[in-house]
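These notes concern the structure reproduced below.
All chains are named by letter (A, B, ...) in the order of the sequence lines, taking the proteins before the strands, and each is independently numbered beginning at 1.
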Amino acid sequence: MNDAVTIDRAAALRVAASPIATLPLSLTINGEARTLEVEPWTTLLDLLRDKLDLTGTKKGCDHGQCGACTVLIDGRRINSCLKLAVTLDGAEVTTIEGLGQPGELHPLQAAFIEHDAFQCGYCTPGQICSAQGLINEGHAKDRQDVREQMSGNLCRCGAYTNIADAVLDAMEKQA
Amino acid sequence: MNAPHKVGIGTPLARVDGADKVTGRAKYAAEYAVPGLLYGVAVPARIAKGRIASIDAAAARAVPGVVEVMTHENRPKQAWLDHSWKDELSIPGDPFKALHDDRILFAGQPIALVIAETFEAARFAASLVEIDYEAEAHNVDFDTSLGEKFLPAKGMRRNTYHPPKARGDAGTAFDAAALKLSGEYRLATEHHNPMEMHASTVEWRGDGKITVYDKVQGSQNTQAYLAGAFKLSKKDVRVVNAYVGGGFGSGLRPQWQVQLATMGAILLERSVRVVMTRQQMFYHAHRPECTYEIRLGAEHTGKLTSIYGDATTSTSRFENNMEDIVTWGMMNYDCPNAEGHYTIAPRDTYTSADMRAPGAATGMALFEIAIDEMAYEAKVDPLEFRMVNYSETEAMNQVPFTSKALREAYREGAERFGWSERAPEPRSMKEGRELIGWGVATGMWDAQFSKTSARARLSANGDLEVASASSDIGTGTYTVMTQVAADTLGLSPDRITARLGDSDLPAAPVEGGSWAAASTGAAVQLACRSVAEKLFKAADEVEDRPLWGAKSIDDLDFVDGEMVLKSDPTKRVSLTDAMRAGGLDVIEVEETAKPGLSDMVSMARKARNTHSAVFVEVRVDEELDQVRVTRVVNAVAAGRIINPRTARSQILGGVVMGIGMALHEETFIDRALGRWMNHNYAEYHVPAHADVEDIDVIFVDEPDPEVTPLGVKGLGEIGIVGTAAAVANAIYHATGKRIRSLPITIDKLLEVAP
Ligand code: FES
Ligand code: FES
């Protein structure tokens, strides 16, 4: 048809056919040191879910719009779908699995159960990691703050009022 | 002596699956680790109508890690007859068959699946598939499609559709009415947007056997559907949906990702996972767009004399999706003259689908805005107006209700909300720069019941497992099953395991329409009662026969792991002792609950419905017209509540989605390209935490032995119905601006002078 398309296409074919090299990556995940070989286009989220079977971290959009993939990196909350894993060499990652397990629940996890702060549970790990990040930040003083600062985490089941109750409850207990 | 301690129906038991959900152990469809798994990424059609002229997959195939590019040209065999593609909830028309042929029916239609060793390789390669189209003229615009609206012929209607039944003479009564109101009311297209994207992991077990981990609201429906569509033997297909990250109707029917993943697995004889992207989630189920013309006539007292409704909802060109829109107002209000009409309008999109309280969420909300307008017209308090026109019976079919505690809901809700403090005039309440408005609306939904089976298995050590192929999409079915079992057999919940979400389990229908708690609960109760009968019989073998004198299990209490003689509570036998004495290692029974059980009355004789009264406070910035919903009280009459804690959450969720319907949710379509424009979470606004302030839920007392065996009516839908109208009505009260089209976005408010 036209030349531009042909040139693009040839280039695309060349790029497409070239193999993706992996890069070494050292991470501490939930307290455990890991040495990994990772393709540079892999997000932290896909690394956790597809390669490390840490599926507690959820994918709700893959575009930084829902918060389901929230994890803690060196204590700060981030959307793991927006983070290329190879950029995190040396970081300490905490996922929902690292916060607590049945029998030894983290206070936030216990508060979420107590306040029925979820229905389907799909946004829940992200909500809980985000809440821990919020507590670490130390800016939220009241319900209004919690509502505002938890707004990066969508819950389509609409458990917000119970989430606010749970977070405030856990904040009080951690204070 | 300890007072008997019974956890059962009515106890606010914490969700039994809670620990798995808060620790990330709960596995959803895309999370099962399967050896040798391949990842499939769908390539969406870029045109809305036409055919595929050619596909060039060379570049995609060249990407290292890519195993196959599957299209209509190389896919495995599919069933030819439409009939084989029907599922439990199919609607009349030609069900969508992915990669069937070269036809394109809607933009975003999956037309190829790139399958690779890694997700990243598949995603990249999918962007390299070159497709040439032969486009045809399309229409995706709802208003344009109204030119083709029609009522399907009898055999082509959804079996859930109820034709509106006229009474009296609505036209003459309207002409003669002292007060008249007529208007066109609208609802935009909405998308379900469950947080978990539709996903299927198909595990190839060899020899044509597959296990499908599917995001769907019914495992056995997917099982039968895949067997039919891909000519598999049903026994070779196992479907698991143990955890479902929300559905709201989008997973009532199997979606296209399960077709693609299954075809990929069959083609390659390997395990394949397909997950829709959030963008692709917009190219399947959605709530139909609706236009609803309403005419009301009333006397000066506010007594309604005429109801007329004519509604149209959107569907696709290949299936006739239908809803009940106009019937709700006709059923709910006492009015001698009523008439309704309904049609559907086809456009070149995927078929619209049931979304939370389908029909009612739309029809009742829009009607309740009109009712509010008429109340102002008559200068009658909007709550009082609803009392004046209160119907004790179901007014359209003129049958009594099994129960209707709506009056109590109005009263208790109003009291909790403080309705009596309301200043009647619009724009009369203000604080700072915000106008304050209070609105009310009514909700109504069906109490449904579906045939469901359950199994109960009691081990010699006193552990009980109850199981049914039902689903828990966040609705609390695991917890309900546990509670009903605990209630019936007097066991502690920690001795009980509830299993669901697996097609191998006893038969259960798709979860939706709020019937799961009533139906699965009844089945579990039946199965546990059968276990109880066997225990009672075995107790005869216990030394001294402590239960002597009891004629049946109805003469016994089951408490704390023991059978206790009602007439003499000192006489008791533990369940484990009874089993030992009777020489039983295990008791296992399966029972089926069907309509007609115990005191249930037939549908024809009585109407079975849930009702609600929703009260809303909004605050509207006077200059910016920004709306905040600051307070909601939703008073619900839904029969017996099995678990007040999880029940409350269901209503909260419905209210939040109702707020979205009122203020935020709207999918825009590009007429030229035929594509949904705001197909992501950033531009399709679902209510966020900051949008939701205070929500109070009341369950009014409504004993109802006739509606279902447990007296349960179900709660999944009723929370949304009416909520959007109450918000709209509150906005009118705050601002004096009447907006008849949902969502009420700032632009619509700014356009209207107060
Ligand atoms: S998946 Fe990362 S923000 Fe949605
Ligand atoms: S619990 Fe379902 S999305 Fe939040």
*Backbone N or O of B:A690 within a donor-acceptor pair of the A:E148 side chain at under 3.5 Å?*
no
*Does any non-hydrogen side-chain atom of A:K58 lie less than 4.5 Å from one of B:Y28?*
yes
*Look at the side chain of B:E120 and the backbone N and O of A:T42, then say whether any donor-acceptor pair between them is shorter than 3.5 Å.*
no
*Heavy-atom distance under 4.5 Å between the side chains of B:V244 and A:Y122, does that happen here?*
no
*Measuring heavy-atom distances to chain B, does A:Q127 have an atom under 4.5 Å in its side chain, in its backbone, in both, or in neither?*
neither
_Working for side-chain contact (heavy atoms from CB on, under 4.5 Å), residues B:T277 and A:D62_ = CA-CA 8 Å; B:T277 63; A:D62 227 1; over 6 Å; no
*Would you say the side-chain atoms of B:R278 pair up with the backbone N or O of A:G60, donor to acceptor, closer than 3.5 Å?*
yes
*Non-hydrogen side-chain atoms of A:I113 and B:R15 separated by less than 4.5 Å*: no
*Donor-acceptor under 3.5 Å (A:K59 side chain, B:E196 main chain)*: no
*Is B:E665 salt-bridged to A:R156, cutoff N-O under 4.0 Å?*
yes
*Report yes or no: does B:Y243 contribute a side-chain atom to a donor-acceptor pair with the main-chain N or O of A:G121 at less than 3.5 Å?*
no
*Counting distance only, does the side-chain N/O of A:T161 pair as donor-acceptor with the main-chain N or O of B:D694 below 3.5 Å?*
no
*Side chain proximity check, A:C157 to B:F248, heavy atoms < 4.5 angstrom*: yes
*Side chain B:H689, main chain A:R147, donor-acceptor under 3.5 Å*: no
*Measure A:I128 against the heavy atoms of chain B and call it side chain, backbone, both or neither at under 4.5 Å.*
side chain
_Please determine whether side-chain contact (heavy atoms from CB on, under 4.5 Å) holds for the pair B:R25 and A:E97, giving the CA-CA distance in whole Å, both sets of side-chain angles, and the decisive distance to 0.1 Å._
CA-CA 8 Å; B:R25 289 159 58 109; A:E97 290 92 344; over 6 Å; no
_Option in A:G56, A:G152, A:C120, A:S18 with maximal non-hydrogen atom pairs under 4.5 Å from chain B_ = A:C120
*Would A:K51 count as a cation-pi partner of B:F119, with NZ or CZ less than 6.0 Å from the six-membered ring centre and within 45° of the ring normal?*
no
*State, with a plain yes or no, whether a side-chain heavy atom of A:H63 is found less than 4.5 Å away from one of B:Y681.*
no
